[in-house]
Amino acid sequence: MLHRDYILELVNRFVEVLVRDFERIRAVGDTEAITEMEEAIAELVELEPVMLLSLAPESLATFVSLSPQADAVAPYLVWGLGRVAEALDAVGDGFTANLRRDQARAVADAMGIDAEALPDDVADRLADEGIDG
């Protein structure tokens, strides 16, 4: 029960940061918000941001698939990496955006999830905020 509550808390914080920061990036191209988004993704999978974000897509997929909370966090990780890729595109960093997209696809493939799927609770949160996800 405690483990499940811990994961739910991680996911809730993650969604909150990504929703808030993605809108900041859309509105003003805030690169600090990209850093915050990447830090939230790293926290979700319990890695240091520099380590997570430097992993090759296949290495990240392997790491995530071996995690005990993989099934619970993978859909959020994939969605978050996709949003970071969009944010990086918005500020003109296509190289890093492509890496984040490749990381998202690798994790999605490894976990057997749809890379384009929006987790239901994220969709609800975005709708509550009036944001198109």
Side-chain angles (χ1 to χ4, degrees):
M1 185 66 158
L2 288 176
H3 182 70
R4 184 167 119 16
D5 290 344
Y6 169 73
I7 291 173
L8 286 173
E9 178 61 27
L10 270 179
V11 167
N12 285 334
R13 282 194 316 245
F14 169 77
V15 171
E16 182 178 318
V17 168
L18 262 70
V19 167
R20 178 195 67 219
D21 289 344
F22 192 59
E23 281 306 292
R24 283 176 39 204
I25 293 162
R26 280 182 173 170
V28 295
D30 186 342
T31 56
E32 183 179 313
I34 294 172
T35 301
E36 291 173 10
M37 289 170 69
E38 290 176 334
E39 288 170 353
I41 290 169
E43 182 180 351
L44 185 67
V45 293
E46 300 177 323
L47 274 176
E48 290 297 316
V50 71
M51 173 64 87
L52 167 76
L53 300 168
S54 66
L55 288 174
E58 297 75 21
S59 297
L60 177 59
T62 299
F63 176 82
V64 170
S65 66
L66 295 174
S67 169
Q69 65 260 21
D71 290 335
V73 301
Y76 300 95
L77 175 63
V78 169
W79 176 76
L81 287 167
R83 300 306 63 78
V84 168
E86 289 176 23
L88 288 161
D89 279 336
V91 297
D93 187 353
F95 178 81
T96 309
N98 287 334
L99 175 59
R100 298 296 173 260
R101 259 187 223 87
D102 290 345
Q103 289 173 321
R105 272 193 293 275
V107 171
D109 290 347
M111 298 301 298
I113 59 177
D114 180 358
E116 302 301 317
L118 180 63
D120 290 339
D121 54 333
V122 173
D124 294 342
R125 173 73 185 269
L126 292 173
D128 290 347
E129 299 285 329
I131 300 169
D132 179 26

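When reading the values below, keep in mind they use all heavy atoms of this one structure, side chains included, and skip hydrogens, waters and symmetry mates. Computed from a prediction, not measured in an experiment: that's the story for all the values here.
Across all non-hydrogen atoms, the minimal contact from Phe63 to Val45 is CE2-O, 3.5 Å. Across all their heavy atoms, Leu52 and Gln103 have their closest contact at O-NE2, 3.5 Å. When all heavy atoms of Ala97 and Asp89 are compared, the closest pair comes out as CB-OD1, 3.2 Å. Closest of all the heavy-atom pairs between Val78 and Ala108 is CG2-N, 3.7 Å. Of all the heavy atoms in Ser59 and Leu55, the pair that sits closest is CB-CD2, 4.1 Å. Considering all non-hydrogen atoms of both residues, Pro119 and Tyr76 come closest at CB-CE2, 3.7 Å.
Checking side-chain atoms of Glu38 against main-chain N and O of Val84 turns up no donor-acceptor pair under 3.5 Å. For the pair Arg100 (side chain) and Leu53 (backbone), a donor-acceptor distance under 3.5 Å is present.
Put simply, CE on Met37 and CD on Glu32 are 13.0 Å apart, with the number rounded to the nearest 0.5 Å. In this structure, Arg101 CZ and Thr96 OG1 are separated by 11.0 Å, a value rounded to the nearest 0.5 Å. Atom CD1 of Ile41 sits about 9.5 Å away from atom CG of Leu60, to the nearest 0.5 Å. Within the model, atoms CG of Leu99 and OG of Ser54 stand 9.0 Å from one another, a figure rounded to the nearest 0.5 Å.
Heavy-atom neighbours of Glu48 CD from other residues, nucleotides or ligands within 6.0 Å: at or below the threshold of 12. Counting heavy-atom neighbours within 6.0 Å of Asp71 CG, excluding the residue itself, gives a total of 12 or less.
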Worksheet item: So Arg83 and Glu86, salt bridge (charged side-chain N to carboxylate O under 4.0 Å, His left out) or not? Walk me through it.
Response: CA-CA 5 Å; Arg83 300 306 63 78; Glu86 289 176 23; 2.5 Å; yes
